[in-house]
Amino acid sequence: MPRSQRPDSRYRRIGFVLPVFLLLFVVGFAGIYSKWWGSFTVDDVSPGVYSIEVVREFPHDPQAFTQGLLYAENDTLYESTGLTGRSSVRKVALQSGKVEALQKMDRSYFGEGLTLLGERLFQVTWLQKTGFIYDRNNLSKFEEFTHEMQDGWGLATDGKILFGTDGTSTLYQISPHNFRVMGKQVVRYRTHEVHNLNELEYINGEVWANIWQSDCIARISYKDGKVIGWILLQKLREGLITAGYNGIDVLNGIAWDSKEKRLFVTGKLWPKLYEIRLHPVKGRFDDGIIKRLCLRMPFDFGKP
């Protein structure tokens, strides 16, 4: 029947065209995929680089030689300060910068990294293997401990274990119960060891570290020690110097508000504390710039 032959012919044409179309699509996609995959080099999976945007500025005690910093709830910070005869642990109001409670340390101790686990504040000290535990509510010191790092620089926690640094390129995992080293990784950027790891913060499964004598924060995978990102903050210190604050020291101090997703940074003897937001630097970033800005030669202050 003529009426039945016309649909038949149409279906045959569709049956022929559709496989041809699919074949061309597959070949074209394969070409695009091959081209994309061929351009996927190691540079594309290199550590990310981030610039910063200042969201807010807060007052900060310009006499505080910041060695450890952390955020607690209700706009409260805890801070460990250094310098002989001036070291302390303090509770600070974020909005005003006012020191609400302060525990001075004995002159024989130089305060260093600080972290909060449960109701206890853990602090290490410089050029010694001695640390202290404080009650977060009144900053009373109720325990002293000895750790196995070469020195005491930075501390952080994921809520289960402690992470520590001693100014070398080693990131330690430490038991908060007996302070034995549970594991450690040498931190590397590509093939370079990252020396002078300083103050720490644990953020979303990563350990972030200030690099002493630099304006950089390294984002570190604590599982293998690889640097997975760099945050460049040189404009903060440069801005303070331009404003006439010539007595400031280095960038040091990272605090993370995990509930509100706020990131805070400051430095030693800085009059300001900053809430910052990160922005990925687009395009290929010159590896030489990272080496110049962020990598430092190891510095040995002497064995504790």
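Note that the coordinates shown come from a computational prediction; the quantities given were computed from them, not determined experimentally.
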- Query: So, does Thr157 use its side chain to make a donor-acceptor pair with the main chain of Ile161 at under 3.5 Å?
  - Reply: yes
- Is it true that a side-chain atom of Thr165 and a backbone atom of Gly154 form a donor plus acceptor pair closer than 3.5 Å? yes
- Task: State which residues pass side chain to side chain donor-acceptor pair (under 3.5 Å) with Glu199; sequence neighbours excluded, sorted by chain then number.
- Result: none
Is there side-chain contact between [X] and [Y], with heavy atoms separated by less than 4.5 Å?
X: His60; Y: Glu79; answer: yes
X: Ile220; Y: Leu197; answer: yes
X: Tyr71; Y: Arg262; answer: yes
X: Thr125; Y: Phe110; answer: no
X: Asn210; Y: Ile254; answer: yes

- Message: Assess, by modelled atom type and distance only, whether the side chains of Gln67 and Ser80 contain a donor and an acceptor separated by less than 3.5 Å.
- Response: no
- Query: So which of Phe163, Trp208, Tyr172 actually passes ring-ring contact (aromatic ring centres under 6.0 Å, His included) with Tyr222?
  - Reply: Phe163
- Lys259, NZ: over 12 other non-hydrogen atoms inside 6.0 angstrom: no
- Query: Does the pair Trp126 and Tyr109 meet the rule for a ring pair (Phe, Tyr, Trp, His ring centres under 6.0 Å), with working shown?
  - Reply: CA-CA 7 Å; Trp126 186 46; Tyr109 293 109; over 10 Å; no
- Decide side-chain hydrogen bond (donor to acceptor under 3.5 Å, both in side chains) for Ser108 and Asp106; before the verdict, give the C-alpha distance in whole Å, the side-chain angles of both, and the deciding distance to 0.1 Å. CA-CA 5 Å; Ser108 60; Asp106 186 89; 2.6 Å; yes
- Task: Could you tell me whether Lys141 sits above the aromatic face of Phe132, with NZ or CZ closer than 6.0 angstrom to the six-membered ring centre and within 45 degrees of the axis?
- Result: yes
- Note on the structure: Exactly one candidate in Val265, Leu69, Asp61 meets side-chain contact (heavy atoms from CB on, under 4.5 Å) with Leu273; the answer is Leu69
- Sorted by chain and number, sequence neighbours left out, side chain to side chain contact (heavy atoms under 4.5 Å, CB included) with Glu53 holds for Arg277, His279
Show me the donor-acceptor pairs within less than 3.5 Å that the side chains of residues 234-242 make with the rest of the protein, sequence neighbours left out.
| unit_1 | atom_1 | unit_2 | atom_2 | d |
| --- | --- | --- | --- | --- |
| Lys235 | NZ | Ile52 | O | 3.0 |
| Arg237 | NE | Asp215 | OD1 | 3.0 |
| Arg237 | NE | Asp215 | OD2 | 3.2 |
| Arg237 | NH2 | Asp215 | OD2 | 2.7 |
| Thr242 | OG1 | Glu238 | O | 2.9 |

